[in-house]
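Notes follow once the structure below has been shown.
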Amino acid sequence: LEVFEKKPFLQRVVETYKRVKKDSALLLSACSHLLYNEELMASLAESGFDAMLTDPFLPCGPIVALRLALPVVFFLNSLPCGLNSQGTRCPSPPSYVPRVLSLNSNHMTFLQRVKNMLILVSEGFLCNVVYSPY
């Protein structure tokens, strides 16, 4: 599995960017096909649902809920792109909270902390790649 391969940091970042861009294009296409399927959307609207359970990582769920005028219940313990930290005002300082791609523990050297900070900055870029088409 690729996840367990030890690759250079920059190579992991580039590969992750390419994978995220490809996957987000696929998800956007699936969402568009769902939203423009008038027959299916009409059937969902007529079904009389009380709420929509969805994962906040994928923007299509809240968009469908908005179109169907349904309240949304999110079922993920962490929101993407640091929104959970912003929403709850819980600090997550990169000086000792490792980022996902870093493979660091919470005991980091100075260079690992620098790498952690670079990952934090790149997450904003990746989030823009994923969510800007929506």
Side-chain angles (χ1 to χ4, degrees):
L1 281 149
E2 286 182 34
V3 174
F4 299 108
E5 290 181 19
K6 294 273 188 184
K7 294 181 181 177
F9 170 71
L10 192 54
Q11 182 180 355
R12 282 198 324 259
V13 169
V14 169
E15 288 175 358
T16 300
Y17 168 76
K18 288 178 182 177
R19 192 170 43 252
V20 165
K21 191 162 177 79
K22 179 181 170 192
D23 292 349
S24 63
L26 176 66
L27 293 171
L28 178 63
S29 174
C31 186
S32 295
H33 283 87
L34 171 65
L35 289 168
Y36 289 113
N37 185 335
E38 295 300 329
E39 183 180 336
L40 178 58
M41 291 303 292
S43 173
L44 290 172
E46 293 167 3
S47 295
F49 292 108
D50 296 322
M52 180 162 180
L53 303 175
T54 187
D55 184 331
F57 189 78
L58 304 173
C60 195
I63 294 170
V64 170
L66 182 66
R67 179 143 177 224
L68 297 175
L70 293 173
V72 180
V73 177
F74 293 119
F75 59 86
L76 184 69
N77 64 355
S78 178
L79 295 173
C81 302
L83 294 175
N84 56 336
S85 297
Q86 292 174 10
T88 61
R89 298 287 186 217
C90 292
S92 181
S95 58
Y96 64 89
V97 178
R99 308 309 295 174
V100 175
L101 291 175
S102 73
L103 304 177
N104 292 336
S105 72
N106 62 336
H107 300 286
M108 295 180 270
T109 66
F110 176 73
L111 289 178
Q112 288 172 323
R113 292 170 199 263
V114 169
K115 180 172 84 170
N116 209 45
M117 189 64 191
L118 291 173
I119 291 172
L120 178 65
V121 171
S122 69
E123 285 174 356
F125 175 72
L126 285 174
C127 286
N128 188 38
V129 169
V130 172
Y131 297 115
S132 63
Y134 290 90

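In what follows, every heavy atom counts, from backbone to side chain, and hydrogens, waters and symmetry copies are set aside.
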Nearest heavy atoms of [X] and [Y], plus distance in Å:
X	Y	result
Met108	Val97	CE-N, 4.1 Å
Pro59	Pro62	O-CD, 3.2 Å
Asn106	Tyr96	CB-O, 3.5 Å
Pro94	Asn116	O-ND2, 2.7 Å
Phe49	Leu44	CD1-O, 3.7 Å
His107	Gln112	O-OE1, 3.9 Å

Who are the side chain to side chain donor-acceptor pair (under 3.5 Å) partners of Glu39, not counting sequence neighbours?
none
Which residues pass the side chain to side chain donor-acceptor pair (under 3.5 Å) test with Gln11, not counting sequence neighbours?
Glu15
Those residues at least two apart in sequence (or on a different chain) that pass ring-ring contact (aromatic ring centres under 6.0 Å, His included) with Phe125 are Tyr17
Test of understanding: clusters of I, L, V, M, F, W, Y form through side-chain heavy atoms closer than 4.5 Å, transitively. Do [X] and [Y] belong to the same one?
X	Y	value
Leu111	Leu118	yes
Met52	Leu27	yes
Leu28	Leu40	yes

What's the spacing between [X] [atom1] and [Y] [atom2] if we round to 0.5 Å?
X	Y	atom1	atom2	result
Met117	Ser122	CE	OG	10.5 Å
Leu26	Cys31	CG	SG	11.5 Å
Leu35	Leu66	CG	CG	10.0 Å

Chi angles and distances behind the side chain to side chain contact (heavy atoms under 4.5 Å, CB included) call for Phe74, Thr54:
CA-CA 5 Å; Phe74 293 119; Thr54 187; 3.8 Å; yes
Please check this pair: side chain of Asn104 against backbone of Pro98, looking for a donor-acceptor N/O pair closer than 3.5 Å.
no
Is a side-chain donor or acceptor of Ser29 paired with a backbone partner of Ala25 at a separation under 3.5 angstrom?
no
Output, in order, the C-alpha distance, side-chain angles, deciding distance and verdict of side chain to side chain contact (heavy atoms under 4.5 Å, CB included) for Asn37 and His33.
CA-CA 6 Å; Asn37 185 335; His33 283 87; over 6 Å; no
